[in-house]
Amino acid sequence: MKHTTIGDLTMASERTILDDILEAYVASEAGPSRTTLTEWVRRYPEYQQQLTEFTARWGMLRWLPNKPDDKEIDEEMLVLRGMSTVQSVLFRQRRMSDQMRAQDRTVEQHSTPVHFIPIEVERPIAGLLSEGKRLSLTADDLADRVGVSDGILRKLDRRLINPTSIPALIIRDLGHVLGRDVGQITAYAQLAPRFATGAQHRANQAPTLPAVQEDFFDAVRHDLTLSEESRARLLSLAPPQERSE
Amino acid sequence: MAKRNTRIAIEPLTHVTRGGQPYHRTPEVEAQIASALRLRPAALVLRTKVRDRNAAEFLKEECLVYFIRMYSQAADLDTVNALAHVLLRRCALWTTSRFRALGLHRDEAVKAYQDLVGDTVDAVIDPESDRGDFFQVRFWLALRSRLLNVYDKWVRANKHDEQYDSLTDVAGHSRSDASDDPTGRERLEERTGSEEDLAMDAERRMVIQEALFAIRDERHREAFVLRYFEGWPLEADDPNEACLSRHFGVSIKTVYNWLQAAETDLATWRELKGGR
């Protein structure tokens, strides 16, 4: 999973500012030209180079004639390729708004007085299953995508698994599916074990949690719902010294 | 079922430029949107097929963008697709040929065109922002501006850091062609055209434009266009003022050599043309 660094964010933010400036320059009454450029450079000296390059290319774009062999370019092919790009953008936007709606529903369900959850990195993980639910993923969906059984996923959710035994690949895949940083998933796994959400307990019997967290690979070995193929794949993630056990 | 509202309000633009100027659509675009708002999607799509810009039913690109955003927000993807198809048909060839004119190879130009489509549609339909508003104000200017942004990314991604000076040497135009004395700068400015020359009649410019591809080196061509068509000086005292030597990061003499090389290419082209 590619991590967004502070440097990436700064570059993205710089690019947005520059795009805004260039758009205002184009939208200005006189438009981009050598004479108007001087004024814009005075206004935004830190973008002198970009403004100058933009103005030069703006002029070039106006004057340069088409290449003679442009006539051979197939317009129909261009439109089709363009439409394929449009589909991708529509799909991405639709997915994002679905996620936003799922977020809103979760906020409403918990009656939390939070109106907007913009930055995933700052919101702690309440639970793996609830995170999946926010993204409209059932427990089965999430387990499938990470490649574990429903039982193991629930143990991970309740932090009944020893965090040091969880393979890095499983942490990474959980992060990838839930849109979270590996560090956040690791931090969640290191918290104290907890009871299942909504678990019912008898009034005369105090609820208990296992005294020792289970080893991930032991959980895999004892899970009767896993296919042999899945079990073998998961066990292959164990450190070499543990594989023979 | 609720009675259909006969008066539907046009969604206002909300973007304000860095200079504090709010965007406004032109009255013509507003009128076209108002007239098309009453149409059902199928009728709207039918109307967008009118390609004669002088026809009363013609809908400008700014108008198409408005409806693409509107139907995207209404999750009517069939209509969004149909409108996007019309818009692409209007600008796909122009866009690709402009990328080609700027120097991209054909495959690169097609990919850059796809990047531009993605970038534009993303901005236009983004429900959380008004960053695509300019497309409803001046579509072709907005497209041209985004095209240059995409081109810039391409150039940065495939940077060919060639040495300008060594290239001019290879092309057979050594630096000694230019004056070495301290007053050389003024002389070079004079020799590459006065202000009157720069304001030369449009007809001559048109002829030269036809010949631009006869200038073999892209940098020579760019220097030539900027100098003679856009009026850029070779050098400027004011650090805020654009000039060719600073823009290319080379000496004034090198720029002069490039312009001379461009003139030579043009002279050869004229001879060939005259001999036909």
Side-chain angles (χ1 to χ4, degrees), chain A residues 16-28 31-35 37-39 41-45 48 50-70 72-73 75 77-79 81-90 92-94 96-97 100, chain B residues 17-19 21 23 72 75 77 80-81 84-85 88-89 92-93 95-98 100-102 106 109-110 113-115 117-118 121-122 125-127 131 134 137-138 141-142 144-145 147-149 151-152 205 209-210 212-213 221-222 225-226 229-233 238-242 246-247:
Chain A
T16 308
I17 293 170
L18 176 62
D19 286 349
D20 267 7
I21 292 169
L22 293 177
E23 190 176 290
Y25 182 32
V26 171
S28 66
S33 74
R34 187 186 68 83
T35 42
L37 172 63
T38 310
E39 170 54 27
V41 168
R42 281 205 183 95
R43 275 191 224 173
Y44 303 104
Q48 173 166 18
Q50 291 90 336
L51 282 162
T52 306
E53 269 179 19
F54 185 85
T55 309
R57 287 175 182 156
W58 187 266
M60 298 295 289
L61 205 57
R62 182 163 41 193
W63 287 104
L64 288 179
N66 290 348
K67 294 261 168 88
D69 59 351
D70 275 357
E72 294 163 25
I73 295 176
E75 186 185 15
M77 176 273 292
L78 287 179
V79 173
R81 288 217 190 171
M83 283 308 293
S84 150
T85 307
V86 171
Q87 299 302 321
S88 306
V89 175
L90 287 172
R92 198 172 59 236
Q93 290 260 5
R94 188 72 33 216
M96 278 170 64
S97 31
M100 292 289 282
Chain B
T17 68
R18 288 216 149 234
Q21 295 295 313
Y23 279 153
S72 166
L77 298 189
V80 172
N81 280 325
H85 194 270
L88 287 179
R89 198 165 278 290
L93 270 181
T95 307
T96 313
S97 68
R98 290 296 81 197
R100 295 260 294 130
L102 284 167
R106 192 189 296 194
V110 173
Y113 149 76
Q114 285 186 274
D115 285 353
V117 170
V121 175
D122 196 44
I125 68 172
D126 183 358
R131 63 198 169 96
F134 193 35
V137 181
R138 300 286 299 275
L141 287 186
R144 194 179 282 245
S145 174
L147 184 149
L148 289 179
N149 288 350
Y151 176 71
D152 186 57
R205 285 189 185 189
Q209 191 186 11
E210 279 178 37
L212 278 176
F213 279 122
R221 193 185 304 137
E222 184 176 350
V225 169
L226 294 179
F229 292 11
E230 296 290 310
W232 286 42
D238 181 350
N240 291 329
E241 194 183 337
R246 201 173 311 140
H247 172 58

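No experiment lies behind these values; they were computed from the predicted model shown. Chain letters run A, B, ... following the sequence lines, proteins first and then strands; every chain starts at 1.
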Chain B contact via A:Glu23 - side chain, backbone, both or neither, heavy atoms under 4.5 Å:
both
Among A:Glu53, A:Glu72, A:Gln50, the residue with the most heavy-atom pairs under 4.5 Å to chain B is A:Glu72
Does the side chain of B:Glu230 come under 3.5 Å of the side chain of A:Trp63 through a donor N or O and an acceptor N or O?
yes
Carboxylate-amine/guanidinium contact B:Arg131 A:Asp20, below 4.0 Å
no
Atom CZ of residue position B:Arg246 - does it have more than 12 heavy atoms of other residues, nucleotides or ligands inside 6.0 Å?
yes
What option among B:Arg144, B:Arg221, B:His85, B:Arg138 has the most heavy-atom pairs under 4.5 Å with chain A?
B:Arg144
Below 4.5 Å, heavy-atom pairs only: which of A:Leu78, A:Thr85, A:Val89 has the largest tally toward chain B?
A:Leu78
With a 4.5 angstrom heavy-atom cut-off, which part of B:Leu77 approaches chain A: side chain, backbone, both or neither?
side chain
With a 4.5 Å cut-off on heavy-atom pairs, point out which of A:Leu61, A:Val41, A:Thr55, A:Val86 contacts chain B the most.
A:Leu61
Heavy-atom proximity to chain A below 4.5 Å, by part of B:Ala75
both
Below 30° counts as parallel, above 60° as perpendicular, anything between as tilted: where do the rings of B:Phe134 and B:Tyr23 land?
parallel
With only heavy atoms counted, which part of B:Arg89 is less than 4.5 Å from chain A, the side chain, the backbone, both or neither?
both
Which one of B:Thr17, B:Leu148, B:Leu147 has the most heavy-atom pairs closer than 4.5 Å to chain A?
B:Leu148
Count the heavy-atom pairs under 4.5 Å between each of B:Val225, B:Val117, B:Asn240 and chain A, then report the option with the highest count.
B:Asn240
For A:Glu39, is it the side chain, the backbone, both or neither that has a heavy atom under 4.5 Å from a heavy atom of chain B?
neither
B:Pro233 to B:Ala242 - nearest heavy-atom pair and separation:
CD-O, 3.5 Å
Using heavy-atom distances under 4.5 Å, tell me whether B:Val80 contacts chain A through its side chain, its backbone, both, or neither.
side chain
A:Arg92, part contacting chain B, at a heavy-atom distance under 4.5 Å:
side chain
CD (B:Gln114) and OG1 (B:Thr96) are apart, to the nearest 0.5 Å, by 9.0 Å
Looking at A:Gly82, A:Pro45, A:Ser88, A:Gly31, which one has more heavy-atom pairs under 4.5 Å with chain B than the rest?
A:Gly82
Region of A:Tyr44 that comes under 4.5 Å of a non-hydrogen atom in chain B
side chain
Top contributor to chain A contacts, counting heavy-atom pairs under 4.5 Å, from B:Leu141, B:Asp115, B:Thr95:
B:Leu141
Of A:Leu22, A:Leu51, A:Leu90, A:Leu37, the largest count of non-hydrogen pairs under 4.5 angstrom with chain B goes to A:Leu90
